[in-house]
Amino acid sequence: MLDAVRKALCLILLSLLCASGVTPATAQAAGRPNIVLILVDDLDDGSLQKFPNIWNQLVGAGTSFDRFFVTNSWCCPSRSSILRSQYVHSHGVLTNTAPEGGFTKFHDSDLERSALGTWMKSAGYRTGLMGKYLNHYPDGATEPTYVPPGWDEWAVPVRKLYEEYGYTLNENGVLTTHGSAPEDYLTDVLSQKAGTFVSQSPDPFFLYLAPIAPHNPANHAPRYANAFADAVAPRTPSFDQADVSAEPHWLSSRPRFSAKAIEKIDERYRRRLRAMLGVDDMVGALVKTLRETGKLDNTYIFFASDNGFHLGQHRLAQGKTTPFDESIKVPLVVRGPGVRPGGVNGEMSANVDLAPTFAELAGAQLPDFAEGRSLVPLLRGRTPSPWRQNVLLEFYRPTSEKSARQTPVPAYQGMRTAQNTFVRYSTGEYQLYDLARDPYQLHNLAAKVAPAVIAQFNQQLDALAACSGATCRAADSVRPPPFVGPPSPVGPTSVLTPSLVLTPASVIGAQRP
């Protein structure tokens with residue numbers, strides 16, 4: 001009799017919760033932290049100090065991951081890895097375009113059925129995705145009003161995504177057209193929508209905020225037309241690399257830059273910085289809103305990029321898709337409860353680790369196919385044993401001739417460790433760098449080492465390239481073969497100091513209101 005009464009009371013309570021809009025999942029999620037992911041497009045790893053809000057409110061107030069990599073340095077494969085916590089060979093979104101990639105592949109493979117949005121929503125979070133979703137969303141077979149499962153709020157451009165003006169926005173299934181007025185600038189529109197979302201959403205919420213900058217053509221807000229007028233692309237030792245004779249043919253066949261080509265690189269660099277100032281304003285506005293609504297202390301903010309970008313390094317005037325650090329090494333900065341301000345973490349980590357991190361913070365259930373690791377222990381100052389020792393790198397050539405023209409790089413598999421980069425190409429060529437002595441990756445040692453060294457790296461790479469689910473976490477925890485290359489004439493890279501406080505006036509040439 002008592003059990004029957006208890007069951008009846010539980011049913012009554014459950015019906016009252018549902019009638020009030022509180023589901024068992026949301027009730028269980030009460031008290032858990034809010035989570036915001038800001039994912040920019042094509043940002044390199046070395047320019048955050050130029051943006052005061054990002055530098056002060058995120059880098060200075062949080063922890064930076066000094067060895068954070070993407071497993072594929074192309075937008076859609078990388079974003080698919082974030083959404084699914086899978087390497088490219090597992091989720092199968094190989095390129096940016098159909099039939100083997102893009103939104104079409106992700107959608108037609110039914111990957112949206114179980115992805116980051118659905119996991120967070122099932123854990124009781126209010127979810128929002130604003131900005132870029134996946135390349136070529138929506139395709140011709142999908143209605144422009146389509147909203148994938150798992151997202152409570154959806155604000156994603158369906159045309160002229162990269163222009164940031166003259167675009168059409170899918171807002172929760174309703175299409176709105178924007179023009180070319182200053183107030184139509186997409187980054188600012190997304191910033192306003194993000195502010196509304198975080199201020200009006202009940203806790204906990206998960207916001208995936210994906211501005212377009214600094215992706216080409218890197219259009220900026222009118223207020224920053226004269227910013228960074230004298231900036232030039234960093235002249236690192238790899239800029240217009242003098243000797244590429246030991247490199248694979250796709251690189252060794254490239255000519256050095258003309259003066260005109262270098263001028264274009266510098267102008268592209270300035271455009272990218274100007275575009276990022278809009279994102280910097282977005283970060284400042286978001287932190288301000290979180291602080292004013294009393295939510296900042298219970299919110300984790302993650303800032304990262306889907307891939308890096310070349311600006312003259314290794315004779316590449318622009319672009320990505322390479323296994324060089326300029327392409328695969330991206331910023332990851334985290335601020336939030338218990339995260340050490342001004343901290344730097346040097347452990348190996350990757351974009352497949354983001355979703356497991358969000359899931360642990362949210363108490364969400366990860367599917368068995370997830371291949372990444374939660375970064376939560378690192379955020380709390382502890383490194384589990386074993387931990388990731390390497391990151392798998394994968395690149396696949398697109399089948400369409402038009403898409404293939406976007407990159408000169410052949411298909412490859414590789415691994416990035418704390419000490420080495422090892423790459424094997426579909427052409428049969430190799431790259432091997434000793435990063436401790438050659439941080440700018442100027443000296444390809446693949447032809448100079450004993451065949452046994454290459455065989456050892458190949459064996460470990462085979463295990464990574466064949467991994468699935470939990471076996472990936474076993475394969476990536478194996479220490480790489482011991483290998484030390486000859487001394488390099490290039491010294492170690494300089495280290496930025498997160499405690500440096502920037503003011504708007506200290507930004508190079510930036511004219512900010």
Side-chain angles (χ1 to χ4, degrees), residues 21-39 53-54 56-65 68 82-83 85 115-130 150-153 193-210 282-304 331-343 345 349 351-366 370 372-382 384:
V22 179
T23 66
T26 56
Q28 186 180 11
R32 293 178 183 166
N34 305 309
I35 303 170
V36 177
L37 168 63
I38 303 173
L39 187 74
N53 287 310
I54 294 172
N56 297 327
Q57 301 294 343
L58 298 184
V59 178
T63 287
S64 300
F65 284 72
F68 183 75
I82 291 171
L83 288 168
S85 183
L116 182 55
T118 62
W119 306 337
M120 299 299 287
K121 187 172 177 61
S122 295
Y125 274 63
R126 178 167 175 77
T127 60
L129 194 154
M130 301 175 181
W151 301 104
D152 297 308
E153 289 291 328
K193 291 184 177 297
T196 300
F197 178 84
V198 302
S199 61
Q200 296 183 359
S201 291
D203 296 347
F205 58 78
F206 172 70
L207 174 61
Y208 181 167
L209 185 57
M282 172 188 281
V283 169
L286 181 65
V287 172
K288 183 174 183 288
T289 299
L290 288 167
R291 182 177 287 114
E292 290 176 346
T293 55
K295 299 183 178 186
L296 182 60
D297 290 343
N298 193 40
T299 300
Y300 288 92
I301 303 176
F302 291 73
F303 181 93
L332 173 64
V333 185
V334 188
R335 73 166 287 173
V339 178
R340 184 164 69 92
N345 187 285
S349 54
N351 57 348
V352 292
D353 300 332
L354 290 175
T357 304
F358 304 152
E360 181 171 348
L361 292 172
Q365 184 68 38
L366 270 181
R373 299 166 174 269
S374 171
L375 303 176
V376 170
L378 303 185
L379 292 174
R380 294 174 178 167
R382 182 177 61 86

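Using cut-offs of 30° and 60° for the angle between ring planes, the F206 and F358 rings count as tilted.
Looking at every heavy atom in both residues, V333 comes nearest to S64 through CG2-OG, 3.8 Å. Pairing each heavy atom of R335 with each of Q57, the nearest pair is NH1-O, 2.9 Å. Nearest heavy atoms, A355 versus L116: CB-CD1, 4.1 Å. Contact between L332 and A304 at its shortest, heavy atoms only, is CD1-CB, 4.0 Å. Taking all atoms of both residues into account, the shortest heavy-atom contact from L207 to F197 is CB-CE2, 3.8 Å. Taking both residues in full, the closest heavy atoms of S349 and L375 are given as CB-CD2, 3.8 Å, listed atom of the first, atom of the second, then distance.
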Are V334 and L379 close enough, and set up right, to give a side chain to side chain contact (heavy atoms under 4.5 Å, CB included), and what steps lead you there?
CA-CA 8 Å; V334 188; L379 292 174; 3.8 Å; yes
Does V36 form a side chain to side chain contact (heavy atoms under 4.5 Å, CB included) with F205? I'd like the steps, not just the answer.
CA-CA 8 Å; V36 177; F205 58 78; 4.0 Å; yes
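Put simply, the side chain of V287 does not reach to within 4.5 Å of the side chain of N53, judged on heavy atoms. P202 places a side-chain heavy atom less than 4.5 Å from the side chain of R126. The side-chain heavy atoms of Y300 and P337, taken from C-beta on, include a pair separated by under 4.5 Å.
Under the 3.5 Å distance criterion, the side-chain polar atoms of R32 are matched with a main-chain donor or acceptor of A362. With hydrogens and angles disregarded, no donor-acceptor distance shorter than 3.5 Å links the side chain of T118 to the backbone of G150. Judged by distance alone, with hydrogens and angles left aside, the side-chain atoms of S85 form a donor-acceptor pair with the main-chain N or O of G372 at under 3.5 Å. When atom types are taken as modelled, the side chain of K295 and the backbone of V198 share a donor-acceptor pair closer than 3.5 angstrom.
Taking OG1 from T357 and CG from L366, the interatomic distance works out to 9.5 Å, rounded to the nearest 0.5 Å. One finds the CE atom of M120 at 11.5 Å from the CG atom of D152 (value rounded to the nearest 0.5 Å). Rounding to the nearest 0.5 angstrom, the gap separating the CD atom in E153 from the OG1 atom in T196 is 9.5 Å. Once rounded to the nearest 0.5 Å, the distance linking CG of L209 with CE of M282 reads 4.5 Å. Within the model, atoms CZ of F302 and CD1 of I35 stand 6.5 Å from one another, a figure rounded to the nearest 0.5 Å. For the atom pair CG (L290) and CG (L296), the distance works out to 5.5 Å, reported to the nearest 0.5 Å.
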